[in-house]
Amino acid sequence: MTSTGLQPICTSGDREQRALRLRGLMDRVAGGDRAAFESLYTETAPLVHGTAIRVLRDPDLAAEVTQDVMIEVWRTAGAFDAVLGSVGAWIATMAHRRSVDRVRSVQAQRNRDELAAVRDYGRPYDDVFEAVEENIERARVVQCLSTRTDLQREAVVSAYYGGRTYREVAQDSGAALPTVKSRIRDGLNRLRHCLGVD
Amino acid sequence: MDSRDARDLLPAWALDAVDDVERAAVERAIRQDPALAHEARAFRETTTVLAEGGAVAPPATVREAVFAAIDDVPQVAATRSGQGSTAPRSEQGATAPRTSRTTAPRSRMRWLAVAAALVVGAAVPSALAFQQAQRADRAEQQVVTIAEALGQPDAQLVSADVEGGGHAVVVVAAGAAVFAANGLPELTDRDYQLWVIDGTGPVSAGVMRPQDGEVTTQVGDFTTGSSLAVTVEPLGGSTAPSTPPIVLLAAGA
């Protein structure tokens, strides 16, 4: 960006600024700052809830998981380590892991087939995003998910929204481990470039 | 697990598609290898964008329940060592002191004083700046400081490339500003000069003498709607800018 007149923050920096802002909030939350946690909640609880809804397919379970995750964010804010990724990434990962753990514990109690998440993990990607509020990222994500080949998309979607490990994806699809790993890698790379991440 | 095996599993790790043993091994490798860490973060950020794209606001009852609960939830102590990503966890010593653990809002002069002590090396906020392994400890401290400044309710950040070389950033909050730049070429018989431009025209904010191309300056009275500009002037500065600005940073009103 060159010095050409009065320019506000350019859009490409918005992501960075948001990341820095969340970082600052996290730092204050670690020190017990409730006001900072209120801002952090407003900014990040929706991505937690959205992840929980997609993995669990059950709004009540999703609300419970969201509550647990946000409380855990408060509790462990002091342990946040930027070397593994941004605040958004940390919270999204926590949301995903808790959601998957919840699916597995529910699975243990019920017949496998009763749980929509397990039954429907092979569903096409667009169903995954049904009934979602419009937001800027969503349009890009939907579009970018459509640009990848079926096998790569399936690998990424079943691993992420299906909560499967790469070994389980291999078992389910009958593909070899290295094949699954490279499908996940290629799928994620194409997604990354399509979404314009870094 | 060596770096190569960890690299092989990075995409699966980023999708949280590895088991607990693999996850622990990958994260151990990440902490020991900055290049691996960089790649890991990029993959993980893609997953985060996926998550953000599917964001759904939770019911208000969740918010109420969370805020009622945290009163009784003790927090873990900060464990971040501030020593960057090159040292393996087990070798890291006592945690570096944090700038502040108070919950009171920082006063304007207080955050300015801290910000002025910034080492500008990683002042430029970019995804890489957080994790520059070689200057990770200073970068860490400084990112936290800028981030805290940005945590001020009215904080703004503007950045731009500098004509002739370098990059500049200004953080404006609570009626004050911090200007930071790096990569500035050395000048012979000339000085960099900072100007505040408000409705009445440019007012000098002083001559800046970068060290290793880096400089940080605080501006005590800076109202939003003003701009900061840098020009190259004769040694010692001028009473008014004599050349066009090499960088112009405007904070919106």
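Fair warning: this is a prediction, and the values are worked out from it, not measured in the lab.
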Practice item. Show your reasoning for whether salt bridge (charged side-chain N to carboxylate O under 4.0 Å, His left out) applies to A:Arg185 and B:Glu39. Key: CA-CA 12 Å; A:Arg185 174 180 285 274; B:Glu39 196 181 346; 3.4 Å; yes

Point to revise | Test side chain to side chain contact (heavy atoms under 4.5 Å, CB included) applied to A:Arg34 and B:Asp71, step by step | key: CA-CA 10 Å; A:Arg34 271 186 79 113; B:Asp71 285 338; 2.4 Å; yes

Exercise for review: Apply side chain to side chain contact (heavy atoms under 4.5 Å, CB included) to B:Val18 and A:Arg167, showing your working.
Suggested key: CA-CA 8 Å; B:Val18 292; A:Arg167 291 177 191 274; over 6 Å; no

**Study point:** Chi angles and distances behind the side chain to side chain contact (heavy atoms under 4.5 Å, CB included) call for A:Met70, B:Arg63
**Key:** CA-CA 9 Å; A:Met70 293 315 296; B:Arg63 189 185 185 106; over 6 Å; no

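For the atom pair A:Leu47 CG and B:Thr48 OG1, the distance stands at 8.0 Å (nearest 0.5 Å). From B:Thr47, atom OG1 reaches atom CG of A:Leu191 across 8.0 Å, with rounding to the nearest 0.5 Å. Distance check, rounded to the nearest 0.5 Å: OH of A:Tyr161 to CG of B:Leu15 gives 9.5 Å.
If you measure heavy-atom distances from A:Thr42 to chain B, the contacts under 4.5 Å come from both the backbone and the side chain. Only the backbone of B:Pro74 comes within contact range of chain A, with at least one heavy atom under 4.5 Å from a heavy atom of that chain. Proximity to chain A (any heavy atom under 4.5 Å) is restricted, for B:Ala14, to the side chain, taken from C-beta onward. Using a 4.5 Å cut-off between heavy atoms, A:Glu64 does not touch chain B at all. Both the backbone and the side chain of A:Val29 come within less than 4.5 Å of a heavy atom of chain B. Contact annotation for B:Arg23: only side-chain heavy atoms (C-beta onward) come within less than 4.5 Å of a heavy atom of chain A. Both the backbone and the side chain of B:Ala12 come within less than 4.5 Å of a heavy atom of chain A.
Across A:Thr66, A:Leu84, A:Thr51, the residue that shares the most heavy-atom pairs under 4.5 angstrom with chain B is A:Leu84. Highest contact tally toward chain B, considering only A:Ala92, A:Pro59, A:Ala45, is held by A:Ala45 [criterion: heavy-atom pairs under 4.5 Å]. Interface summary for chain A: among B:Leu9, B:Asp8, B:Thr46, the most heavy-atom pairs under 4.5 angstrom belong to B:Thr46.
Across A:Arg192 and B:Ala42, no two heavy atoms sit closer than the pair CZ-CB, 3.8 Å. For B:Gln75 against A:Gly32, the heavy-atom pair with the smallest separation is OE1-CA, 3.2 Å.
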Under 3.5 Å, sequence neighbours excluded: what are the donor-acceptor pairs made by side chains of residues 71-78 of chain A?
unit_1, atom_1, unit_2, atom_2, d
A:Glu72, OE1, A:Arg75, NE, 3.1
A:Glu72, OE2, A:Arg75, NH2, 2.9
A:Trp74, NE1, B:Val73, O, 3.3
A:Thr76, OG1, A:Glu72, O, 2.7

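Within the structure, ring-ring contact (aromatic ring centres under 6.0 Å, His included) pairs that include any residue of residues 42-75 of chain B comprise A:Phe37-B:Phe67, A:Tyr41-B:Phe67 (at least two apart or interchain).
By the 4.5 Å heavy-atom criterion applied to side chains, B:Arg44 and A:Thr93 are counted as neighbours. For the pair B:Glu22/A:Thr165, no side-chain contact is recorded, criterion being any heavy-atom separation below 4.5 Å from C-beta on.
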